Amino acid sequence: MNERVERHVEGFLAALGYPLTSTPRMLLAAGIAVCTYILLVLSTFPSYSAQMLAAGVGYLDDAVLALTANTYATIGTVGLALVVAYAVATGVALTTALGRVRHGSASGASGASSVLPGLLASGCASCGAGVLGLLGFAGALATLPFHGNLLRLGGLLLLGVYLARVGDPRRCSVSPTGGSA
Amino acid sequence: MDVPDTLTTRRALLGSVGTVLAGGGVVYAAPHLESESSEATVPRTPASSSGGGAGGANATNDSNGNGTGASLDTGFHYSTETAGFDIDLASHPVMGAMDAPVDIYYWTDYQCPFCKRFEHGAFPKLVENQIREGTVRLVFIQFPYLSEGSMTAAVMDRCVWREVRESTPGRYRRWHGAVFDAQGEKGSGWASKENLLELTRGVEGIDAAAVEAKMDEHRSDIEASIKADRTYAAQELGVGGTPAFVLYNRGNGKAGKVTGAQPYERFDEAITRVKNA
């Protein structure tokens, strides 16, 4: 049991460190994280964001700043920190997933099957982080306990589990029972 | 497997520091953005909540719903007419000239931070450039949906309006502005009946005891009316959050919608578009 936990912690740390192994990976992860944060913040008030962006891309910074302030005022420091953490975790997860495609294809693994879990984990977790707003359920999030922060935390944990299982995509580990992980 | 790139201490440090700086920066800056948005406003007009109130010099009491012909009038009016989209004005404060060509219906919740951003951002410019000039008539409509305190504040809003609408309607804005100035965290209890009454006692020209009496007597009726308004706005006009605005050309019935606390320029463009439609 302890060994299993240890392996997952190691995998999680290895996955977290993967974007830092080269400058392009680091930039890719940072870019995805920034895009995710912008998407999540804009999705907290989709109709406002749509009108602002339709008026001109120049309003993007206005919209992001206004909705960041609004998100803070609505869900507090913890909520905003969870959204930031989610954006960073998505950057790491998608960079890792792309790494799996690259390294997986070299070892014969299917590209889709290696990237799908990462996309699913990011997509499911995003429900708590803000995409519910895009689907018109922003009000529902506001009525949840702790203003939906529990759901956000749940999404973040889901991403964490994905990262722990993936580890460093450049390495194949062999479990004691003989299966590869 | 060959591992060409390695996690160097320098990269790890750079990544960690970058992440902490970026994430921490967002979380740290957010409350400052909020306070900036509250403070960085144009100077309030004499009709502002903290000033003498719109009713101070300009408020009129036109209970027939007819304009007093004062195109520079930014005062409040009590009207029994029905506006665009079958909005019954009797329950809602109306600000601006009664013969203004464009109506703006403004749905708000006193617990909504984005509404506060509008109140301190675009609203004073809207008053100065569009309402004072007689182009726009603004109708305040409560849309309480965030928590129980929202409904309490909305009910008290109606009671304050009932108290002042016939003799001193302009005093409504003092109260309205004072509540937004006192806005606290959603659900923290700042919008409890007791707190709001205490705040009302501090607003010059509003009889808090009379407001409390009205609230005790009419709360359930007012709540039912507010809920009906809210359902109508949500189902018929697509209002899903606050602040929300419908701009209505009173001459030809053309309308447009502005959602959220957008910059004044966006309101200006939308008003021009609806007016010329």
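Protein chains get the first letters and strands the later ones, always in sequence-line order, with residue 1 at the start of each. Excluded from the calculations below are hydrogen atoms, water molecules and symmetry mates; all remaining heavy atoms, backbone and side chain alike, are included. Quantities reported herein were computed from a predicted structural model and do not represent experimental measurements.
Residue with the most contacts toward chain A among B/Ala261, B/Cys112, B/Gly241, B/Gly238: B/Ala261 (heavy-atom pairs, distance under 4.5 Å). If you tally non-hydrogen atom pairs under 4.5 Å between each of B/Ser147, B/Ala244, B/Pro263 and chain A, the highest count goes to B/Pro263.
Looking at B/Glu269, the atoms closer than 4.5 Å to chain A (heavy atoms on both sides) all sit in the side chain, from C-beta outward.
To the nearest 0.5 angstrom, A/Phe45 atom CZ is 6.5 Å from B/Thr242 atom OG1. Rounded to the nearest 0.5 Å, atoms CZ (B/Arg266) and OH (A/Tyr59) are 6.0 Å apart. Rounded to the nearest 0.5 Å, atoms OG1 (A/Thr74) and NZ (B/Lys186) are 6.5 Å apart. In this structure, CZ on B/Phe114 lies 4.5 Å from CG on A/Leu67, to the nearest 0.5 angstrom.
Looking only at side-chain heavy atoms (C-beta outward), B/Val258 and A/Gln51 come within less than 4.5 Å of each other.
No more than 12 heavy atoms of other residues, nucleotides or ligands sit less than 6.0 Å from atom NZ of B/Lys275.
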